[in-house]
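Down below is the structure, laid out as structure tokens.
Chain letters run A, B, ... following the sequence lines, proteins first, then strands; residues in each count from 1. Everything numeric in this text was worked out from a predicted model, so none of it was measured.
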Protein chains: 2
Amino acid sequence: MRTSTLVPVLAALGDDTRWSILAALGEGDASASALAGRLPVSRQAIAKHLQLLEQVGLVEPVRVGREIRYRVLGARLGETARTLEQVGAQWERRLATIKQIAESL
Amino acid sequence: MRTSTLVPVLAALGDDTRWSILAALGEGDASASALAGRLPVSRQAIAKHLQLLEQVGLVEPVRVGREIRYRVLGARLGETARTLEQVGAQWERRLATIKQIAESL
DNA sequence: GACGAGTGCAACTCTGTGGTTGCACTAAAC
DNA sequence: GTTTAGTGCAACCACAGAGTTGCACTCGTC
């Protein structure tokens, strides 16, 4: 995963409302109107969040009759997780090196 | 990792300036003043970001003489990555189940 | 003890964005 | 053809937060 696309995904994931949307979608695809019935926010607010989530690839629209259901994409979350893991491991390696040098003195 | 602590960490990571701070710290511990010399933002702005990063456990203060250097903590990034990985895998499993049911019809 | 680098606190500006309401449009359903 | 559920667009409000400047404080250094 490119670093340039990482930050927007993380920013999208750093919001409680969007997580409640993702959690709801995690139990089955749903439209913006359907989600508005379950969550304490308006349909338009949810529509905005879904648009943002779609932009960063965390969600995918699926036409069903006259409604547009959204499907959550776990793969994107996996990519993001692996990128973070790599960066974290890199930092830990540096700290381990420093500790090793300090102990050898 | 608790879900209640996950979102603030992700929100902290969803900012370009904080990533540039983390990247700088990734090459060696540094104080707010030292970082202000390298980055195009004021020391106070950096201090605020460091405080936030410390709150979510991504960074750790270390007193050295009269200055306070900050150390990046890769472990926290690892925890976050694993939590995301789990959620993503859960969603993917559900999609796989749905696909399987659809094909069996 | 005086100096100064580094930090902390406070007030302020300004942009971004999460939220709302209202209206127009479209296409299934009858 | 009429109804109506679902969506899209636009304007607007309110708050959070990213950034700034200015000043006070603290504690190593000399």
Taking donor-acceptor contacts at under 3.5 Å, does the side chain of A/Lys48 reach the base of C/dG19? yes
If the cut-off is 4.0 Å, is A/Thr17 near the phosphate of C/dG19, judged by side-chain N/O to OP1 or OP2? yes
D/dG17 phosphate, OP1 or OP2, under 4.0 Å from B/His49 side-chain N/O: no
Which part of the nucleic acid, if any, lies within contact of B/Arg18, taking any heavy atom under 4.0 Å across all strands shown: a base, the sugar-phosphate backbone alone, or nothing? sugar-phosphate
Does any non-hydrogen side-chain atom of A/Val7 lie less than 4.5 Å from one of B/Trp19? yes
Value in whole Å for how far the P atom of C/dG18 lies from CG of A/Leu13: 13 Å
Of the residues in residues 33-41 of chain A, which ones touch DNA chain D at a heavy-atom distance under 4.0 Å? A/Ser33
Below 4.0 Å: OP1/OP2 of C/dT20 and any side-chain N or O of A/Ser42: yes
d(B/Glu92 CD, A/Leu77 CG) to nearest 0.5 Å is 9.5 Å
Between P of C/dA28 and CD of A/Glu67, the distance in whole Å: 12 Å
What distance do B/Gln44 atom CD and B/Lys48 atom NZ have between them, rounded to the nearest 0.5 Å? 9.0 Å
Nearest-Å distance, CD (B/Gln51) to P (C/dT7)? 14 Å
To the nearest Å, give me how far apart CG (B/Asp15) and C1' (D/dG19) are. 11 Å
CD1 of B/Ile98 to CZ of A/Arg71: how many Å apart, nearest 0.5 Å? 6.5 Å
Measure distances between side-chain N and O atoms of B/Gln44 and base N and O atoms of D/dG22, and say whether any donor-acceptor pair falls under 3.5 Å. yes
D/dG8 base / A/Arg43 side chain donor-acceptor hit below 3.5 Å: yes
Between P of C/dG6 and CG of B/Leu50, the distance in whole Å: 15 Å
Please report the distance, rounded to the nearest Å, between CD1 in B/Ile21 and P in D/dG17. 16 Å
Could you check whether A/Glu79 pairs with A/Arg76 (Lys NZ or Arg NE/NH1/NH2 to Asp/Glu carboxylate O, under 4.0 Å)? yes
How long is the gap from CZ on A/Arg94 to CD on B/Glu27, to the nearest 0.5 Å? 9.0 Å
Any chance you could measure B/Leu22, atom CG, to B/Leu50, atom CG, to the nearest 0.5 Å? 8.5 Å
Rounded to whole Å, please give me the gap between CZ in B/Arg66 and P in D/dT29. 6 Å
B/Ile68 CD1 to C/dT7 P: how many Å, rounded? 6 Å
